[in-house]
Amino acid sequence: MERIPILKMGPFLLVTIQVDMHDRLAMVLQDDLTSMISRTGARGVLLDISALEIVDSFIGRMISNIAAMARVLDAETVVVGMQPAVAITLVELGLSLPGVRTALNVERGMALLRDAVRRADGAGTDAGADAIAAALAGEEDDGGGDAPRGPRGAPPA
Amino acid sequence: MSVVRAETVPVRVESDVVVVRQTVRQWATSLGFSLVDQTKLVTAASELARNTVVYGGGGSLTLEALEDGARRGLRLRFADEGPGIPDLALALTDGYTTGGGLGLGLSGARRLSNEFDLDSAPGKGTRVTIARWR
C-alpha cells in the first residue's frame, strides 16, 4: 500500500508530504504518525507541507487531528512551509487550523520544536534536563525570551 | 458570453478527486489564472468532487472555458444522481455536515468562487455549478 514516509530525527519525527494526497492516504498518515509517536516516544512532529499545492477541508482536518493526537501523546506538532496561495485559500475556505503551530520553514520549525521540548523539560528540577536545556539554548537563540535582538525583541518598558 | 471549450470527466471514486484537482489545475493554468486564483479553483473543485463521491454516490464534472468580451472564465459543473439535498439553506451553513466532515465543503466552495449555483431536491440528484473569472 502507498504510504508517506516518516523519518525519525533524534526526538522528533519528520514528515514531508510530496504527493497529491487522496483521502485514504491522509488517513493512513494520521494513523501511522500516531502509532509512531507512541512507539518511539517522540517529543515533536515536523510536518512539511511545502510541496502541497492545496489544502482543502479534508487535509486541513487531518492536520488538526495529527496535532491534537500528538498533543495527547505529549508531542508538539509544527506545520512548516505552507505556500502563500494555500494560506490565502485556506482562510477564505473558512479553516484557520486552531491549535496548530506553524513556522515558515523547516529551520524555524525545528527551532520551535527544540524550544518547546526545552521548556517542558526545563520546568522540572532535574539537573540533567537543565544541562540539556542550557546546551540547546546556546545552540539556538531564536525564540529565547531574554535576548532583546531584532524588531520583536524589544524589552518591556 | 460563450463556452469556447468543454470537457467532462468522471467523478466516481475517491481517486477521481485527485484527477479532478489535476484537470482543474491544467485548465486554470492554460486560461491564465493567477496562482492564487488557480489554488482557489482547485480547492473548491476538490471539496465539490469529494461531495459528489461521498454524498452523491458518484457523478461527473464538466469543465467549461468561458469568454465574455475580453473576460476569460472557468465554469465547473458537478452533477450526480444521488439522494439530493432536502434543505439547501442548511447544507450551505458553515459547520453543517451529515457525513462527519467539517461542514465547509459547499459553503467554502461558494466563498472561493465568483458565481455559485446549487440545484438539488430529494430524489433528483445534485448539481453544483461554480465559476471564476480572471
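Below, read A as the first sequence line, B as the second, and so on, with proteins coming before strands; counting in each chain starts at 1.
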Within one Ile-Leu-Val-Met-Phe-Trp-Tyr cluster: A:I66 and A:V72, side-chain cutoff 4.5 Å: no
Residue selection (most heavy-atom pairs with chain A, distance under 4.5 Å) from B:S15, B:A44, B:S46: B:S46
Interatomic spacing from CG in A:D20 to CZ in B:R21 - rounded to 0.5 Å: 4.5 Å
hydrophobic_cluster_shared for A:L93 and B:L92, side chain cutoff 4.5 Å: no
CD1 on A:I54 to CD on B:E47, rounded to 0.5 Å: 7.5 Å
A:S57 to B:R50 - nearest heavy-atom pair and separation: OG-NH1, 4.4 Å
Between CD1 on residue A:I88 and CG on residue B:L112, distance to nearest 0.5 Å: 11.5 Å
Partner chain A: residue of B:T43, B:V17, B:V36 with the largest heavy-atom pair count (under 4.5 Å): B:T43
Nearest-0.5 Å distance that lies between atom CG in B:D16 and atom NE2 in A:H22: 12.0 Å
A:Q83 vs B:T39 side-chain heavy atoms within contact, under 4.5 Å: no
Contact summary for B:L104 and A:G94, nearest pair of heavy atoms: CD1-O, 3.8 Å
Shortest non-hydrogen contact from A:E92 toward B:R111: O-NE, 2.9 Å
Enclosure of B:K124 NZ (heavy-atom neighbours >12, cutoff 6.0 Å): no
